[in-house]
Number of protein chains: 4
Amino acid sequence: MTARAPRADALRNRSRVLAAAEQVFVARGTSVSTEEVARSAGVGIGTVFRHFPTKAALIEAVFRERLRRFGEEADQLVASDDPAAAIWTFLSRVAEVAAGKQAWADAFTSANLHDVLTPAREQLPRVLGALLARAQQVGAIRADVTVPELIALMLAVARVPDETPEGTALRARVLAIVFDGLRPRP
Amino acid sequence: MTARAPRADALRNRSRVLAAAEQVFVARGTSVSTEEVARSAGVGIGTVFRHFPTKAALIEAVFRERLRRFGEEADQLVASDDPAAAIWTFLSRVAEVAAGKQAWADAFTSANLHDVLTPAREQLPRVLGALLARAQQVGAIRADVTVPELIALMLAVARVPDETPEGTALRARVLAIVFDGLRPRP
Amino acid sequence: MTARAPRADALRNRSRVLAAAEQVFVARGTSVSTEEVARSAGVGIGTVFRHFPTKAALIEAVFRERLRRFGEEADQLVASDDPAAAIWTFLSRVAEVAAGKQAWADAFTSANLHDVLTPAREQLPRVLGALLARAQQVGAIRADVTVPELIALMLAVARVPDETPEGTALRARVLAIVFDGLRPRP
Amino acid sequence: MTARAPRADALRNRSRVLAAAEQVFVARGTSVSTEEVARSAGVGIGTVFRHFPTKAALIEAVFRERLRRFGEEADQLVASDDPAAAIWTFLSRVAEVAAGKQAWADAFTSANLHDVLTPAREQLPRVLGALLARAQQVGAIRADVTVPELIALMLAVARVPDETPEGTALRARVLAIVFDGLRPRP
DNA sequence: GATGAATGAGACTTCATTCAT
DNA sequence: TATGAATGAAGTCTCATTCAT
């Protein structure tokens, strides 16, 4: 009567589903069936739909969660006393996490998912905005660059497939070009 | 000895289907049903499948055709006596055509479509290679840049949605950043 | 510790589908649509495909089930102390059940179904083999007859349509001829 | 004005289609597409439908033609002065031609084709009747056997697959059993 | 008369979602 | 609350048949 055991169970299941969904979506795209997500989470499909009323809601939750974690990383970096290093680190980090993952770029651009993800997508500008402002203050990035450009450019790097060694090297080169383009011309 | 009459009709229908498919795929993604492509082309669904035996074949044909047209544009630009302008023009042109079209970026990166489009995708490197080489000879682009980077960066710009005036402006700014990153540092 | 409730419903539906499919296939051939099988079973088409992932799997299940029941009958007859009567009874029984049912002969001979049914078809030789061996020991059937001949001959009899009284009589006469051919010549 | 050249062409095409259809149907069943029959005949699909207004009509024509040829063979055998040999020869001949050919047994028994082939099927009893009567007169076949039994038994033998050497041997054994069953008991 | 492109009904199969247990 | 069986709309593809050339 005191504690509420079932609530704990439910929360754990929700986390499991979210984790399984992220892994599966990222590896094979958001078109994998909900059934497969459930199987991979070790729960029944009914449980998935209990926690996320539609597949779209599940997809949104997955990416919102990922963005939340990016937000946490950004918050820590904002406190850094080297704003230039902070933004390069963050952009590299995003590129690294998203590298070669279809689902990430899909999430931001797929026509089908566009409306679904609009709310989740709005988080990224907030965290990036702070990092960008500080980097521009110290002259690490051109003054005329805005957050949307950063997002577009990160997605570019994220799309470079890096399953092979050449892929990893290519991603590094693309990142370098983008960073160079972002720096003020001397 | 002259020509066969019925062929004309078939060719016209094939073109219609291809045009309708490009429009529909580009506007709403390659996941729209073949039925809808047929309806939009004003033909029966059987006609679509007669010309393209599977949906994958239709998708490939759409993008192969687009790349063929890019190839033609590139061929004309290669003959230009201003290699720097030529490559900027080509990259801008690709960005402009593909801008905001989900299907374009999908076509190059979607996990599902990857195998389907491999043959079509191989055309782009060829035409870009020539433009890049000439641009590097005259020092318009860094010597260490290779074709894969160019493709990755073009896709970035292509993904910037530009249905609004702000979108168009954003795309221009992203393009400028990328071009700056590609130029040799002074 | 007891049993799971939902299983009961599923099992009942599986049986319903199987029964409906046997009836429909036997009456009108295995080319009737899965949709019709579902309708005749009183379930949705999705339910049919949940229990039998392909139409081929459904067909195989139908005939495997039938053969299983034949196997049970044969097992009881093998224990009989009159091996001659046992095999005549069994062959008559098979002829009777399969009589006039297109699906039965199709199942054993159709080119399309051949591979699908290979596993199910392997059951029949086993049960027939025992009956035949005992019948041969007591001299009821020629020593040189083997199981494949029996199967071929049963299919012949099975094909005699017997929806009319004349059909039933014809089947009896064909059966008599075959039995005579199987007996040792005096 | 005298001869009618186009008629000759048409007749030749009709024969081609018929021959191709027999080969294809017999080898792979009557479910092969009309398109494939046309391709195998070296004509357009329109030509097939000009000569045979429906697929069912084509199927019927194929089997009617085959039965006509059987009829010719039977007519020659009826004139033989050894009626016993005549009927064994004819039955063996039918078994040999039809052996292992799905289409043949299908043609006589498939639910779908039943109505279509009724007219063609009526030819066989006529030719068999004469052979049987003479064989019975000389005591080669039991007096109580009728044509329907013969047809049913021939179909049995026809179904024995004989693509392998064992198949051929099996067919011979089944034929021997049937012949024995047809002979008067001593 | 011959051709083969066009048509659309219909087949099989998948999957998001609902609901009885 | 969790489960997974049931559902049926929708998608891809086939094929008999029609008809313009």
Side-chain angles (χ1 to χ4, degrees), chain A residues 5-7 9-10 13 31-39 43-58, chain B residues 4-14 17 31-38 42-58, chain C residues 3-14 17 31-38 42-56 58, chain D residues 5-14 31-39 43-58:
Chain A
R7 176 74 64 83
D9 251 42
N13 268 350
S31 64
V32 290
S33 72
T34 313
E35 181 82 42
E36 198 143 348
V37 171
R39 191 160 39 241
V43 303
I45 190 169
T47 302
V48 175
F49 276 91
R50 163 166 287 272
H51 288 290
F52 307 95
T54 63
K55 187 181 181 182
L58 172 61
Chain B
R4 277 295 187 71
R7 231 57 180 258
D9 246 45
L11 275 182
R12 185 161 49 82
N13 265 352
R14 199 192 128 96
V17 169
S31 64
V32 291
S33 74
T34 313
E35 182 83 42
E36 199 140 347
V37 170
V43 302
I45 190 168
T47 301
V48 176
F49 277 95
R50 160 168 278 268
H51 287 289
F52 308 95
T54 62
K55 187 181 181 184
L58 172 60
Chain C
R4 276 294 188 72
R7 233 55 180 260
D9 247 44
L11 275 182
R12 185 160 49 82
N13 266 351
R14 200 192 126 97
V17 169
S31 65
V32 291
S33 73
T34 312
E35 182 82 40
E36 198 141 348
V37 170
V43 302
I45 191 170
T47 301
V48 176
F49 277 94
R50 159 169 280 268
H51 288 289
F52 308 96
T54 64
K55 188 183 180 182
L58 173 60
Chain D
R7 176 76 62 86
D9 251 43
L11 274 182
R12 188 157 48 82
N13 268 351
R14 201 191 125 95
S31 64
V32 290
S33 73
T34 314
E35 181 81 42
E36 198 143 347
V37 171
R39 189 159 42 239
V43 303
I45 190 170
T47 302
V48 175
F49 275 91
R50 162 166 287 271
H51 288 290
F52 308 95
T54 63
K55 187 182 181 182
L58 172 60

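Lettering of chains follows the sequences in order, A, B, ..., and the numbering in each one begins at 1.
To the nearest 0.5 angstrom, C:Thr47 atom OG1 is 8.0 Å from C:Arg50 atom CZ. Here CG of D:Leu11 is found 8.0 Å from NE2 of D:His51. Values are rounded to the nearest 0.5 Å. The structure places CD1 of A:Ile45 at 9.0 Å from CZ of A:Arg39, a figure rounded to the nearest 0.5 Å. The CD atom of D:Glu36 sits 10.0 Å away from atom OG of D:Ser31, with the distance rounded to the nearest 0.5 Å.
Shown here for C:Lys55 and C:Val32, the closest heavy-atom pair between the two residues is NZ-O, 2.9 Å. Residue D:Val43 comes nearest to D:Val48 through the heavy atom pair CG2-CG2, 4.0 Å, listed as atom of the first residue, atom of the second, then distance. Minimum heavy-atom separation, A:Thr54 to A:Phe49: CA-CE2, 4.2 Å. The two residues B:Phe52 and B:Leu58 come nearest to each other via the heavy atoms CD1-CD1, 3.6 Å.
Mapping D:Gly44 and C:Gly46 onto DNA chain E by nearest heavy atom places D:Gly44 closer to the 5' end of the strand.
Here C:Thr47 does not reach the OP1 or OP2 of F:dA5: none of its side-chain N or O atoms lies under 4.0 Å away. For A:Asn13 and F:dA2, the shortest distance from a side-chain N or O to OP1 or OP2 is below 4.0 Å. Contact between the side-chain N/O atoms of B:His51 and the OP1/OP2 oxygens of E:dA6 is found at a separation under 4.0 Å.
Nearest nucleotide to the side chain of B:Arg50, out of F:dA5, E:dG1, E:dA5: E:dA5.
With pairs defined as Watson-Crick or G-U wobble and both atom distances under 3.5 Å, the stems of at least three pairs that touch DNA chain E come out as E:2-21 with F:2-21.
Remark: C1' of F:dT7 and CG of C:Asp9 are 14 Å apart, rounded to the nearest angstrom. C:Phe52 places its CZ atom 15 Å from the C1' atom of F:dA6, with the value rounded to the nearest Å.
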Report all interatomic pairs (protein N or O, nucleotide N or O of nucleotides 10-12 of chain F) with separations under 3.5 Å.
from   : atom 1 : to      : atom 2 : distance (Å)
F:dT12 : OP1    : B:Lys55 : NZ     : 2.9
F:dT12 : OP2    : B:Thr34 : N      : 2.9
F:dT12 : OP2    : B:Thr34 : OG1    : 3.3

